Amino acid sequence: MAPRLSRSFFKRPTLAVARELLGARLVRLEAGGRRLSGWIVEAEAYVGSEDLGCHARAGRTARNASMWGPPGHAYVYFTYGMHWCLNVVTEAEGFPAAVLIRALLPAEGQATMVRRRGGTRAGRRDPTGGPAKLAQALGLDRRFDGHDLCAPQARLFLERGRRIPDSDVTTGPRVGLNNVPEPWRSLARRFLLRPEAQARLPGP
DNA sequence: AGCACGATGCTCT
DNA sequence: GAGCATCGTGCTT
């Protein structure tokens, strides 16, 4: 089993963390020690209350409090009336920043993840290809908000994966920031692993 | 392959 | 009461 990413990995500039999370493995430990996991292939950086695309822009609230907490914890929020999304908190405690995990390539427990997603055609083809999809596939919700991903007994954590060369990474504007003013709306804070490089990762 | 739309309820004004 | 870091379906190119 690969070594886990430590607190010091997350206590760094958010863009570096987002970039380096590509190729890492997100692991959900279920009852009975069963592992669900996937390689991270897409992530976005949300950096401080100056970032008008970031939930921290309007200050600290009950919903976004985890972003101000220690690095290496989860920030899980509810949106669009039905979806949960997973972030990993970054930088020093007191500075609100996080990386949204947007897509995984299934590695372990794919059948379980597909079942969790329900019987939809799209879900069967790509059960973890979206922030709300992967949260549902891994069974993540409000209970995981504030979860310490670096604790030895963590049920959700990250493992070191493949080193990804810059030539396998693309960047672009973050998704869904429709009413966010420039320049925040268009900043290159979205990181993706190229499809050819995804195909080289070990499958399920 | 791409766009439009509705679902659905929490969060903050 | 408005807006939302989304998703699946159904319809158009």
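Numbered from 1 within each chain, the chains take letters A, B, ... in sequence-line order. Atoms considered below: every heavy atom in the structure, side chains included; atoms not considered: hydrogens, waters and symmetry mates. Not measured: the values here are computed from a predicted model.
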Using a heavy-atom cut-off of 4.0 Å across all strands, would you classify [X] as base, sugar-phosphate, or nothing?
{"X": "R63(A)", "answer": "sugar-phosphate"}
{"X": "N179(A)", "answer": "sugar-phosphate"}
{"X": "R190(A)", "answer": "nothing"}

Taking the side chain of [X] as its heavy atoms from C-beta onward, which of [options] lies nearest to it?
{"X": "R142(A)", "options": "dT11(B), dT8(B), dT6(C)", "answer": "dT11(B)"}
{"X": "T61(A)", "options": "dC12(B), dC7(C), dT8(B)", "answer": "dC12(B)"}
{"X": "F78(A)", "options": "dG8(C), dG9(B), dT6(C)", "answer": "dG9(B)"}

Measure from [atom1] on [X] to [atom2] on [N] and round the result to the nearest Å.
{"X": "W84(A)", "N": "dT8(B)", "atom1": "CH2", "atom2": "C1'", "result": "13 Å"}
{"X": "N178(A)", "N": "dG3(C)", "atom1": "CG", "atom2": "P", "result": "12 Å"}
{"X": "R60(A)", "N": "dC12(B)", "atom1": "CZ", "atom2": "C1'", "result": "17 Å"}
{"X": "N64(A)", "N": "dC12(B)", "atom1": "CG", "atom2": "P", "result": "7 Å"}
{"X": "L187(A)", "N": "dA5(C)", "atom1": "CG", "atom2": "P", "result": "16 Å"}
{"X": "L140(A)", "N": "dA5(C)", "atom1": "CG", "atom2": "P", "result": "19 Å"}
{"X": "D126(A)", "N": "dG8(C)", "atom1": "CG", "atom2": "C1'", "result": "13 Å"}
{"X": "Y46(A)", "N": "dC4(C)", "atom1": "OH", "atom2": "P", "result": "13 Å"}

Check: Between Q136(A) and Y75(A), which is nearer to the 5' end of DNA chain C once each is assigned its nearest nucleotide?
Finding: Y75(A)
Ion pair present between [X] and [Y], side-chain N to carboxylate O less than 4.0 angstrom?
{"X": "E30(A)", "Y": "R116(A)", "value": "yes"}
{"X": "D145(A)", "Y": "R63(A)", "value": "no"}
{"X": "D148(A)", "Y": "R7(A)", "value": "yes"}

Does [N] have its OP1 or OP2 closer than 4.0 Å to a side-chain nitrogen or oxygen of [X]?
{"X": "R102(A)", "N": "dT6(C)", "result": "yes"}
{"X": "R185(A)", "N": "dA5(C)", "result": "no"}
{"X": "H55(A)", "N": "dA5(C)", "result": "yes"}

Check: Taking side chain as C-beta onward, heavy atoms only, is L138(A) less than 4.5 Å from L104(A)?
Finding: yes
Item checked: Complementary nucleotide for dA5(C) - Watson-Crick or wobble, under 3.5 Å -> none
Notebook entry, point to check: Does dT8(B) have a Watson-Crick or wobble partner in any strand here, with both distances under 3.5 angstrom, and which is it?
Noted result: none
Item checked: Y80(A) aromatic ring stacked with six-membered ring of dT8(B), 5.5 Å and 30° -> no
Notebook entry, point to check: Are any side-chain N or O atoms of R174(A) and backbone N or O atoms of W184(A), one a donor and one an acceptor, separated by less than 3.5 Å?
Noted result: yes
Check: With a distance cut-off below 6.0 Å to the six-membered ring centre and an angular limit of 45° from the axis, does R12(A) pair with F9(A) as a cation-pi contact?
Finding: yes
